[in-house]
Amino acid sequence: MTAPLDTAPLDDAPAVAAAEPQIAGRSLGQIAWGRLRRDKVALVGAGMIIFFVLVAIFAPLLCAIFDVDPETNYTDQLDDLGFPDGPWANASWDHPFGVEPGLGRDIFARTVYGARYSLTIALLATVLTVGLGVVAGIIAGFRGGWMDTLISRSMDILLAFPVLLFSIAALVIVGQAQWYKESVLYQILFMTFVIGFFGWPYIGRIIRGQVLSLREKEFVDAARSLGASTNRILFKELLPNLLPIILVYSTLIIPTNILAEAALSFLGVGLQPPTPTWGQMLSDSRASLQLVPSYVAVPGMAIFLCVLAFNLFGDGLRDAFDPKGTQ
Amino acid sequence: MTVAPSTEPSGAPTLRDDALLQVRDLKKHFPITQGILFQKQVGAVQAVDGVTFDVAERETLGLVGESGCGKSTAGRTITKLIEPTSGSIVFDGKEISGYSRSQMQALRNDIQIIFQDPYSSLNPRHPIGTIVGAPFRITDSSLTDKEIKSKVQSLLERVGLNPEHYNRYPHEFSGGQRQRIGVARAVALRPKLIVCDEPVSALDVSIQAQVVNLLEDLQEEFGIAYIFVAHDLSVVRHISDRVAVMYLGKIMELADRDTLYSKPLHPYTHALLSAVPIPDPDNQNRRERILLTGDLPSPINPPSGCVFHTRCFKAQERCKLEVPAFREVAPGHAIACHFPEERKPFDPNAEGRVIRSTMSAEEQDQQLPVDAHPDLVQQAHQDDRSQFR
Ligand SMILES: Nc1ncnc2c1ncn2[C@@H]1O[C@H](COP(=O)(O)OP(=O)(O)O)[C@@H](O)[C@H]1O
Ligand code: SF4
Ligand SMILES: [Mg+2]
């Protein structure tokens, strides 16, 4: 080797070396994780998300502990007029959040089962949105040409689409069909489609923009000059750079979808009773808002806290992956 | 000495048929399209417009010219990262200009490229072991992870990096170290030719020499030929065997290194050489300065005749009308100019003469010393900095 290499093999940029502390092989993901772990607000959000997910998973177990069922009418808890026979919707150890006016179903059981349905629909819809958006964005950005034109114009059209009105109309029409009324699975799938399908242009645009800039990067040319296949370039070179964005946007789309599901159920076009969802409970509680105010509080708080949790965590995640963020 | 300005080109440059790489009249025109759904071509960026040169085995060809003159496009076309518009590229006896991607696969071991930007040339999400191991992983699926790791570690050591750092990520390295990683990736498969696209332009001057030295060592050890791209003549002087000077998609002058630096014939080479800073400040003031006025013309609509005529201090009527042929004027020395003239780059008698292309021939006869003209001195300094960005 020649002299300069011998004298200074590694310290060829002292200024940069000094600014970068010696960290043993930390990837950008690990650095983001390190930042996230010190973000208390994001951690609270993560804790709440875990709590809601556990509640949803163990809903039958929780109901078994209190020996309640979401679809049983506990009429013994109601007075002659059909209102809960005591304050706080007649809350007791047997019925922790009380029972609903009218039918006398257990509010606790309906809330924990509601978490199941609300979260399932929100998550599935997010998977659909993100999946469509990522695939469309990558194709548009990477292929370019007429494919890009086609996809970009579709995005424009879809973004101008009156989604809420369409969703209500579609759900009302389908809601009259017998097969739809009888199958909770079909209802979940259809809700997922209606909520998830129209959101993809948002993330699609972001992914397209990212791919447009990434594919011009010289590391993509380097892979090409080594003879890497298109698949390898997409999955090994581009996708790892897209993952943080996909992750952040997913956590921020979930709460939007929870709210969308609640809104549609509130309007009565969501899952059909007796299947419980939070939006539907909110809707049911309206009639007795003044006489049994604690009923509205339970699904209301559930929606509020769940949406808040995902937003807190999503914001923290975004900050953690922000390349401009500090250690 | 003035080479007789003959209309007849005295023959195409001598081409060595045994050269590793033979590039003939290579063109790359990027189409400019218009229209939303049905795109039609309305013009073309003539980024590379007919270049001809050879690169022998184990040789370094310097490729020099201002930013935007088509050096990178030429390099990328030769590595087939972009498809040539026309012309021929013969590598190792095979005409590769029409090769498809799968046909190129077989040549990937032989032609590699090193990039200018040490930041964007390494995937920020991959540890450097993965980056340097990629050539092996892509070309030879029979290698085990352990074999790849040991190959990667010996490569890292060879380019002056700590082999224990293979698990680290690009952002943990300095610019010079990253460029070494790019070098390691390029030499991994022991290629016969590496296109070095301004490999040191983004680095501190103090580090440039280290990377150039490393490239020279590797060339000696593995017998690699380089096309070494740079935007100023001082960088390639040390490493090149021969130098080609490019302007607006065409080669203006091609000669072996010593001839090009001591007896350049082309006015553009004169201008470039007069801008190379020299260490002795006394001489700096005394030497002749040729200032390139005006901007680089657009490659979408290049000037007629000689593409350099809008900025050439020797331009005459003929230059606007007639394209000068790229022809050999002495063995191994080719130029594209109607009025070549030998001009000492460091003329001690020049007394700081400043030559500007906007001057008429009469004005050129009554040059003023630079010192007498504060404006000119000022401008000379500015041009020094801006010329090759
Ligand atoms: N993909 C492309 N599409 C259109 N024009 C391009 C493209 N790549 C380069 N060019 C143009 O070609 C010319 C030469 O560019 P380049 O080869 O990068 O020059 P250099 O490397 O000498 O600075 C420039 O005018 C540039 O704008
Ligand atoms: S041909 Fe004319 S314009 Fe072109 S470099 Fe020669 S003298 Fe200048
Ligand atoms: Mg370039």
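First the proteins, then the strands, lettered A, B, ... as listed; each starts at 1.
Enclosure of atom OH in B:Y99 by more than 12 non-hydrogen atoms of other residues, nucleotides or ligands within 6.0 angstrom is indicated. Around the CZ atom of B:F222, the shell of radius 6.0 Å holds more than 12 heavy atoms that belong to other residues, nucleotides or ligands. Atom CZ of A:F310 sits in a crowded spot, with more than 12 heavy atoms from other residues, nucleotides or ligands closer than 6.0 Å.
Taking 4.5 Å as the limit, some side-chain heavy atom of B:R125 sits within range of a side-chain heavy atom of A:P244. Looking at B:R101 and A:T230, their side chains come closer than 4.5 Å, going by heavy atoms from C-beta outward.
Rounded to the nearest 0.5 Å, atoms CD1 (B:I138) and CZ (A:R224) are 12.0 Å apart.
For chain A, the option among B:L203, B:L122, B:N109, B:T79 with the highest count of heavy-atom pairs below 4.5 Å is B:L122. Heavy-atom pairs under 4.5 Å with chain A peak, among B:A134, B:P124, B:P191, at B:P124.
Under the 3.5 Å distance criterion, the side-chain polar atoms of B:N123 are matched with a main-chain donor or acceptor of A:E237.
Contact between B:I113 and A:S225 at its shortest, heavy atoms only, is CG2-OG, 3.6 Å. Nearest heavy atoms, B:L81 versus A:D221: CD2-O, 3.5 Å. Nearest approach of A:E218 to B:R76, heavy atoms of both residues: OE2-NH2, 3.7 Å. Scanning both residues, B:L189 and A:L226, for their nearest heavy atoms gives CD1-CD2, 4.2 Å. Minimum interatomic distance between A:A222 and B:S121 (heavy atoms only, all atoms of both residues): CB-O, 4.5 Å. Nearest heavy-atom pair across A:P240 and B:H126 is CG-NE2, 4.2 Å.
For B:P127, no part lies near chain A; criterion is any non-hydrogen pair under 4.5 Å.
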